[in-house]
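Reading through the structure tokens given below for one structure.
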Amino acid sequence: MTPKTVAVAGATGLVGSQMLKTLEERQFPIKSLKPLASERSRGKTVTFKGEVVPVEVLSENSFKGVDIALFSAGGGTSKKFAPCAAKDGCVVVDNSSAWRMDPEVPLVVPEVNAHDITKHKGIIANPNCSTIQMVVVLKPLHDAAIITRVVVSTYQAVSGAGVKALDELDNQTRAILEGKEPQCAEFPHPIAFNCIPQIPGSDAFTDNGYTSEEMKMVNETMKIMGDNSIRVTATTVRVPVHSGHSESVNVETKTKLSADQARELLSKAPGVVVLDDPAKQIYPLALDCVGKDATFVGRIREDISHPSALDMWIVADNLLKGAALNAVQIAELL
Ligand code: A2P
């Protein structure tokens with residue numbers, strides 16, 4: 001690949017800085033790097049491949065001469081600036097939800113639907129973090145036995161809500177241990193020592209009683225898998241974990257798959273690692289999966305309440321496979 005000029009919009013954020021790290025670690029061929037952020041970051045720098053690079057303020061003119069732009073600066077920023085970038089001939093890989101369900105925009109998880117990338121018209125969407133790790137595991141099961149329905153509950157880490165949310169978890173934990181009142185700003189309730197069945201914080205609920213995060217899992221799964229007949233129901237929950245999303249997933253299939261068959265299929269699936277030895281208390285744990293590229297699956301068992309369904313536990317690093325790594329993999333495909 002010829003070296004590219006790459007911009008990272010939101011380079012000072014949690015996902016943006018992970019994008020820089022991942023580009024560096026995977027030795028993405030970069031001619032020149034352009035870190036972009038808001039006015040607040042004027043004068044800041046980032047370090048890339050040992051060099052100090054100044055952060056530029058994102059504007060409509062930021063993308064002239066840029067080949068690929070990785071966006072992780074919020075939905076509003078993507079809505080406004082991704083079309084400007086595409087107009088200037090740059091290909092945008094957007095981590096926000098702004099473009100995901102646009103029929104003109106491919107929604108890509110390389111292990112699942114790399115072929116969809118060819119349909120892009122300047123913008124490619126990176127799916128929701130919880131959706132990415134689930135579909136990587138669903139794909140080989142769907143190919144083998146046709147998935148008809150998925151019931152998922154998520155246990156989502158706080159880092160998915162950004163830097164300020166992580167500070168809030170730490171500050172609340174300290175406050176509660178010191179017998180003080182925890183202060184809430186990023187979340188509607190204390191997240192320390194708690195589980196909140198609402199993601200995101202504001203304008204979370206849709207008319208059907210599901211949260212927007214839950215509906216993302218429903219709609220994005222069908223789009224990525226290229227099959228609108230897969231029924232999905234989701235309950236998405238924020239838990240007091242720094243990083244690493246966990247999911248309890250029940251998968252109904254048209255033809256029965258035994259737990260052994262599923263383990264066999266998943267052990268050969270790209271990007272998936274099976275960690276499943278209950279006798280030795282081996283199963284995926286958020287703490288162990290952080291910093292790793294793979295999606296981990298364990299606790300695979302046949303659902304005793306259904307003739308052809310499986311239960312499983314899926315864990316991945318939400319900032320890596322759930323965001324930065326998947327975006328860089330898309331850029332590599334480009
Ligand atoms: P900044 O640091 O200048 O606010 P996180 O989700 O971890 O909080 O990070 C959000 C990222 O998106 C940050 O890099 C932030 O930059 C960037 N960002 C947020 N709003 C804008 C905006 N309007 N224009 C450009 N960058 C933005």
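When reading the values below, keep in mind they use all heavy atoms of this one structure, side chains included, and skip hydrogens, waters and symmetry mates. Both counts, for ligands and for their atoms, begin at 1 and track the order of listing.
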May I ask you to list the atoms of ligand 1 that are less than 4.0 angstrom from any heavy atom of [X]?
X      : answer
Val163 : 7 (O), 8 (O)
Ser41  : 1 (P), 2 (O), 3 (O)
Ser72  : 11 (C), 12 (O)
Gly162 : 6 (O), 7 (O)

Answer yes or no: are there more than 12 heavy-atom neighbours, outside [X] itself, under 6.0 Å from its atom [atom1]?
X      : atom1 : value
Leu177 : CG    : yes
Gln27  : CD    : no
Lys4   : NZ    : yes
Lys80  : NZ    : no
Lys180 : NZ    : no

Contact partition for Leu14 relative to ligand 1, non-hydrogen atoms under 4.0 Å: both
Which segment of Thr12 sits under 4.0 Å of ligand 1 when only heavy atoms are counted: both
Test of proximity, Leu58 against ligand 1: N or O pairs below 3.5 Å: no
Test log, rule ring pair (Phe, Tyr, Trp, His ring centres under 6.0 Å), inputs Phe71 and Phe63: CA-CA 12 Å; Phe71 269 65; Phe63 303 98; 5.6 Å; yes
Derivation of the salt bridge (Lys or Arg N to Asp or Glu O under 4.0 Å) call for Glu24 and Lys21: CA-CA 5 Å; Glu24 188 171 333; Lys21 238 189 195 171; over 6 Å; no
Counting non-hydrogen protein atoms only, what is the nearest one to [atom]? Give residue, atom name and distance.
atom                    : value
atom 18 (N) of ligand 1 : Ala73 CB, 3.8 Å
atom 20 (N) of ligand 1 : Arg40 NH2, 3.6 Å
atom 23 (N) of ligand 1 : Thr77 OG1, 3.6 Å

Proximity winner for atom 9 (O) of ligand 1, if only heavy atoms of Gly74, Ala11, Gly13 are counted: Gly13
Ala98 backbone acceptor or donor facing Ser96 side chain under 3.5 Å: yes
